[in-house]
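Below: the structure, in structure tokens.
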There are 2 protein chains.
Amino acid sequence: MSTKNKILDAAEVLFSDKGFNGTSLREITSQAEVNLAAVNYHFGSKKELIKAVMSRYMNELSPRLESALGALCTDEASPTLNDVFSAFIDPLLYLNTFKDNGTSIFLQLLGRGYTDSQGFLRWFLTTQYPGVFTNFTNAVHKAYPELTAEEMFWRLHFTMGTIVFTMSSSDALIDIALNDFERQVDIAGVIRQVIPYVALWCSSAYHQISACHEV
Amino acid sequence: MSTKNKILDAAEVLFSDKGFNGTSLREITSQAEVNLAAVNYHFGSKKELIKAVMSRYMNELSPRLESALGALCTDEASPTLNDVFSAFIDPLLYLNTFKDNGTSIFLQLLGRGYTDSQGFLRWFLTTQYPGVFTNFTNAVHKAYPELTAEEMFWRLHFTMGTIVFTMSSSDALIDIALNDFERQVDIAGVIRQVIPYVALWCSSAYHQISACHEV
DNA sequence: GTCTATAACTAGATAGAC
DNA sequence: GTCTATCTAGTTATAGAC
């Protein structure tokens with residue numbers, strides 16, 4: 001196994017666990033059992049290493065997401081919002097076969113990227129992988145033409161918040177479930193809990209409640 | 001205005017904006033226009049300063065939350081889950097009168113505390129302010145006796161995730177709304193968007209969807 | 001209580017031998 | 001490509017004059 005990959009493997013776990021700011025290059029290289037200077041030799045800087053960690057996942061994820069969402073757009077029949085939402089599941093779970101715990105590591109990294117580094121990762125994703133966003137937007141529009149782009153943006157973001165925050169604190173959640181409820185859950189169990197929760201934004205109940213709160 | 005308060009005021013804004021790890025004592029003291037050594041003189045350490053920042057908010061919030069939730073428990077009539085959820089709104093909005101932007105600063109700090117520092121703040125809150133959690137649990141149990149403590153825990157956490165993540169990235173959201181939709185929103189506008197979304201977990205639709213996803 | 005000066009340490013990055 | 005040694009700049013924290 002190459003030095004480059006040893007660094008990437010150690011980095012993604014530490015980054016997802018302690019954040020980008022909270023992880024030093026020294027921790028990464030000693031975990032990876034490589035020399036400190038190797039990071040700068042292979043990646044140039046810590047920032048480039050972060051990008052490389054994210055790219056390794058995005059390069060697996062984005063073609064699968066793009067085609068799953070694209071298929072919904074080219075279908076004759078209109079998809080439901082539930083179809084759009086479900087299109088994310090297989091590509092995300094594929095990351096688990098690509099790498100142990102890949103799905104949860106990736107989602108945690110995504111969460112870190114939003115909160116840790118003041119939007120640099122958000123910029124990176126939207127500019128480097130725009131196809132995913134376009135196809136998603138188109139699929140939702142086809143599923144639900146009345147929904148404005150703005151409404152979609154808000155709901156998508158809230159959904160992402162739930163998932164990303166849940167995955168970021170999944171260790172704490174698994175702890176609490178074990179200590180307070182004597183319930184042994186794993187990452188997959190957490191995902192099973194969160195899916196019905198986020199599936200709500202596809203539901204009609206949302207519109208009733210939303211209407212009640214308008215001013 | 002005392003040095004201590006100048007430090008607290010500068011610290012809470014920087015912490016909420018850049019995280020606890022991402023903010024140095026030098027940034028805080030130069031923003032507050034006090035000497036670097038003042039932090040350690042008045043608070044002892046950075047960790048104690050973080051606790052003090054959170055305490056200032058929690059000391060305002062917790063008695064109000066405790067009594068609002070406690071009232072629901074002692075009422076003759078059973079509250080609805082919606083009542084329980086609504087009990088949070090006034091105490092949280094009170095933070096805005098206590099301090100400019102207090103509500104959103106506090107919620108952002110809460111989010112930072114979950115993700116930045118690996119659970120130390122979660123520990124601090126649950127051990128220092130247990131009354132809020134007990135009263136919340138009791139109120140929900142009275143509103144909805146069939147709901148197990150475990151189910152409640154999951155839903156509460158997902159709801160918190162949505163709110164906390166939304167508030168943490170509220171600057172990015174306000175930016176996007178302006179640039180992509182030419183819509184001028186402020187923090188209050190973001191809150192108005194998120195309320196109907198999180199109100200869903202009180203709704204009956206949740207149970208239908210939840211049942212569909214059981215295996 | 002407030003300041004200067006500095007200790008003690010950690011960070012990311014690099015030069016240069018091998 | 002990999003290593004040691006080191007640089008520069010940043011961090012928290014403290015000692016001691018005022």
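This one's a predicted model, so the numbers in the text were calculated from it and none came from an experiment. No hydrogens, no waters, no symmetry mates; every other heavy atom, side chains included, goes into these values. First the proteins, then the strands, lettered A, B, ... as listed; each starts at 1.
The nearest whole Å value for the distance from the CZ atom in A/F43 to the P atom in C/dT14 is 16 Å. Residue B/N21 contributes atom CG, which lies 18 Å from atom P of D/dG10 at whole-angstrom precision. For the pair A/E33 CD and D/dT2 C1', the interatomic distance rounds to 15 Å; values are reported in whole Å. Between A/L49 atom CG and C/dG12 atom P the separation is 10 Å, expressed in whole Å. Going from atom CD1 of B/I7 over to atom C1' of C/dC3 covers 13 Å, rounded to whole Å. Rounded to whole Å, atom C1' of C/dT14 lies 17 Å from atom CD of A/E48. Distance CG (A/L36) to C1' (C/dG12): 8 Å, rounded to an integer number of Å. Rounded to an integer number of Å, the gap from CD1 of A/I28 to C1' of C/dA13 is 14 Å.
Residue contacts shown for B/A38 are absent, as no nucleic acid heavy atom lies under 4.0 Å away. At the heavy-atom level, A/T29 lies nowhere under 4.0 Å from the strands shown.
With C/dA13, D/dC3, D/dA13 as the choices, the nucleotide that has an atom nearest any side-chain atom of A/K46 turns out to be C/dA13. Out of D/dA13, D/dG1, C/dA15, the shortest distance to the side chain of A/Y41 is found at D/dG1. Counting only heavy atoms from C-beta on, B/S45 has its side chain closest to D/dA13 among C/dT4, D/dA13, C/dA13. Ranking D/dT14, D/dA13, C/dG12 by closeness to the A/L25 side chain, first place goes to C/dG12.
Note on A/N35: every side-chain N or O is 4.0 Å or more away from OP1 and OP2 of D/dT2. Taking 4.0 angstrom as the limit, B/T3 places a side-chain polar atom (N or O) nearer than this to OP1 or OP2 of C/dT2. The side chain of A/S24 places no N or O atom within less than 4.0 Å of a non-bridging phosphate oxygen (OP1 or OP2) of C/dT10.
Both A/N40 and B/H42 sit near DNA chain C, but only B/H42 has its closest nucleotide nearer the 5' end.
A salt bridge does not link A/K99 to A/E60: none of the charged nitrogens lies less than 4.0 Å from a carboxylate oxygen. Salt-bridge formation is detected for the pair B/K18/B/E27: a Lys NZ or Arg NE/NH1/NH2 atom is positioned less than 4.0 Å from an Asp or Glu carboxylate oxygen.
For a distance-only test at 3.5 Å, the side chain of A/R26 qualifies as a donor-acceptor partner of the base of C/dG12.
Aromatic ring centres of B/F15 and B/F20: separated by under 6.0 Å.
Ring-plane geometry between B/F106 and B/Y57 is classed as tilted, the angle between the planes lying from 30 to 60 degrees on a 0 to 90 degree scale. Between B/F153 and B/H157, the ring planes are tilted. Angles from 30° to 60° get that label.
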